[in-house]
Amino acid sequence: MIRTRFAPSPTGFLHVGGARTALFSWAYARRHAGSFILRVEDTDLARSTPQAVQAILDGMNWLGLDYDEGPFYQTQRMSRYRVVIEQMLAAGSAYRCYMGAEELDQLRETQRAQGLKPRYDGRWRPEPDKVLPTPPAAVPAVVRFRNPAAGVVAWDDLVKGRIEIANSELDDLVIARADGSPTYNFCVVVDDWDMGITHVIRGDDHVNNTPRQINILRALGAQVPLYAHLSMILGDDGQKLSKRHGAVSVMQYDEAGYLPAAVCNYLARLGWSHGDDEVFSMQQFCQWFDLDHITPSAAQFNSEKLNWLNAHYLRRTDTARLLALVGPRLAARGVTVTAEPSLAAIIELHRERVTNLNELADVAEVFYRDLQPKAELLAKHLSSETLPMLREFAAGLAGISWEAAAIGALIKQCVARHGLKMPRLAMPLRVLLTGLEQTPSVDALIAVFPRSVVIERLARAERVAVSPGSPV
RNA sequence: GUCCCCAUCGUCUAGAGGCCCAGGACACUACCCUUUCACGGUAGGUACCGGGGUUCGAAUCCCCGUGGGGACGCCA
């Protein structure tokens with residue numbers, strides 16, 4: 001039985017890197033009919049917040065990443081960690097260290113100055129023939145793990161291949177602070193062990209923690225899980241994703257009008273591939289996903305490709321669903337959606353032309369709110385040549401049946417009678433009706449509006465025409 | 001500084017010794033479609049970081065270099 005986990009620390013929102021890690025862990029469990037566990041690593045009381053926990057939950061929910069167990073909170077497992085620490089102390093795989101924090105800082109500084117890797121020097125580490133100093137009464141002890149002194153720790157990383165690190169590179173890490181609280185690397189080990197995690201899929205910033213964790217796991221007599229370290233995701237500019245470099249919450253993609261399916265699909269293809277397949281459902285992804293075919297190198301986020309994918313998904317989403325998605329967005333903007341013109345018809349007409357839900361809302365807004373065309377656009381498309389044709393068209397509107405075909409016929413008629421090309425009429429119509437130069441074909445566009453609104457908006461041509469300084 | 005990791009078009013990637021003078025996708029350019037803009041269609045340019053090996057043969061294996069990244073906390 002395969003068991004994977006996603007273990008974020010709630011110190012901020014769920015960003016794309018975390019989301020991708022969660023997605024891969026989730027997909028791997030789904031692929032193998034295993035369990036996906038959510039564990040909140042909140043041992044840093046100072047930085048963890050309930051809002052951040054909620055933000056992570058929201059993000060996962062939006063993406064559709066459901067978990068089978070959890071969320072577990074490390075802060076609720078403190079008694080368990082304490083028990084394990086006592087066991088290790090008793091077994092001799094951990095020991096108390098009375099070296100103060102300043103003393104440690106000093107040591108590290110000296111080592112660094114000498115060009116050495118800063119490490120604890122093992123002065124309180126018990127050895128067979130070693131005489132330990134007398135514990136100072138006033139200094140509270142930390143507990144350190146007694147890391148093996150010799151040999152190498154190695155594992156076959158499922159993404160990066162075999163990684164070996166000499167134990168001599170590792171020092172005896174603190175597993176319990178002076179106040180008795182357990183530290184990160186230790187909690188992870190106990191949790192992964194207790195929760196029976198078989199595959200640890202996480203960011204490759206944890207590669208350096210892995211040998212330490214393996215050593216502790218071994219000291220505990222626990223089964224060592226398999227590890228897969230995912231390389232990081234870089235921002236659009238190739239820079240590391242950070243708050244100032246556009247690291248955004250996945251929920252911001254929701255706000256920006258992206259579909260979760262598109263974001264998932266995009267994230268899935270970032271660092272993972274299945275031949276030439278680019279567009280696939282989450283269901284398909286879960287059938288295909290495996291840990292081979294994951295790239296070991298870092299990937300740069302590409303918003304343009306995400307946009308393309310989103311547009312693609314938008315085109316495939318049925319109108320009813322889009323209606324439910326766009327409606328609230330319009331409401332949030334204070335736009336009242338009325339029966340006429342029909343929002344469904346507006347969406348139908350524009351769904352192939354936009355890349356996100358907000359653009360769909362933007363264009364819908366034009367129908368429900370009378371946005372004034374810009375003077376320069378009117379000046380550009382209205383002329384003494386087109387004005388009579390426009391009048392004739394507006395007049396003709398009253399007597400035809402209200403459908404795109406009839407409207408189109410009227411347009412062709414007017415254009416032909418004046419011996420002009422189609423755009424000479426289509427462009428002023430677009431601008432007068434929507435304030436935009438780019439719209440779907442005008443006949444279809446007009447058919448969506450109520451007849452009265454069209455006539456009213458076309459009347460604007462007259463007002464422009466009489467104003468002084470117009471090119472008419 | 002020490003240790004670890006990474007390296008194919010601008011970007012995401014295919015590629016697990018011959019199928020590759022390197023394939024797909026986004027982006028880009030041109031053309032077609034066309035009532036504008038998209039969509040769609042067709043065509044096109046652009047890449048194996050460098051140097052040494054190994055081999056009949058290397059994008060693929062090995063070594064060195066270079067570049068990038070990560071880690072060295074009583075943070076996670």
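Throughout, a chain's letter reflects where its sequence line sits, starting with A, and its residues are numbered from 1.
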Check: protein-nucleotides 20-29 of chain B nitrogen or oxygen pairs below 3.5 Å:
residue	atom	partner	partner atom	Å
B:G23	N2	A:D276	OD1	3.2
B:G24	N2	A:R269	NH2	3.3
B:G24	N2	A:E278	OE2	2.8
B:A25	O4'	A:E278	OE2	3.4
B:C26	OP1	A:W308	NE1	3.4
B:C26	O2'	A:K305	N	3.2

Salt bridge (charged side-chain N to carboxylate O under 4.0 Å, His left out) contacts touching residues 405-417 of chain A (sequence neighbours left out):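 Every pair satisfying salt bridge (charged side-chain N to carboxylate O under 4.0 Å, His left out) with a residue in residues 405-417 of chain A: A:E392-A:R417.
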
Residue pairs involving residues 6-24 of chain A (criterion salt bridge (charged side-chain N to carboxylate O under 4.0 Å, His left out); sequence neighbours excluded):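 Residue pairs with at least one partner in residues 6-24 of chain A: there are none.
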
Pairs: protein N or O with nucleotides 2-6 of chain B N or O, under 3.5 Å:
residue	atom	partner	partner atom	Å
B:C3	O4'	A:E169	OE1	3.4
B:C5	O2'	A:K160	NZ	3.0

Nucleic acid footprint by protein, nucleotides 61-69 of chain B - heavy-atom cut-off 4.0 Å, B for base, S for sugar-phosphate alone: --------S

Would you please name every residue forming a side chain to side chain donor-acceptor pair (under 3.5 Å) with [X], sequence neighbours left out?
{"X": "A:E359", "result": "A:T355"}
{"X": "A:Q114", "result": "none"}
{"X": "A:Y67", "result": "none"}
{"X": "A:D44", "result": "A:R47"}

When the side chains of residues 423-437 of chain A are checked against the rest of the protein, which donor-acceptor pairs come out under 3.5 Å, sequence neighbours left out?
residue	atom	partner	partner atom	Å
A:R424	NH1	A:E385	OE1	3.2
A:R424	NH2	A:E385	OE1	2.6
A:R430	NE	A:T439	OG1	2.8
A:T434	OG1	A:R430	O	2.7
A:T434	OG1	A:L436	N	3.0
A:E437	OE2	A:K380	NZ	2.8
A:E437	OE2	A:H381	NE2	2.8

Distance test, side-chain N/O of A:H274 to OP1/OP2 of B:U13, below 4.0 Å: no

OP1 or OP2 of B:U35 under 4.0 Å from side-chain N/O of A:R430: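 No, outside the criterion.
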
Residues A:D192, A:R39: salt bridge by 4.0 Å N-O rule: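 Result for this pair is yes, salt bridge flagged.
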
Pairwise C1' distance for B:G45 and B:G23, with rounding to whole Å: 16 Å

Near-strand residues of residues 438-445 of chain A, defined as heavy-atom separation under 4.0 angstrom from RNA chain B: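 Nucleic-acid contacts, sorted: A:Q438, A:T439, A:P440, A:S441, A:V442, A:D443.
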
Any residue meeting side chain to side chain contact (heavy atoms under 4.5 Å, CB included) with A:S303, in chain and number order, not counting sequence neighbours: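 A:S303: side chain to side chain contact (heavy atoms under 4.5 Å, CB included) contacts with A:D236, A:F301.
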
Touch class at under 4.0 angstrom, heavy-atom based, for A:D179 against every strand present: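 A:D179: no heavy atom of the nucleic acid under 4.0 Å.
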
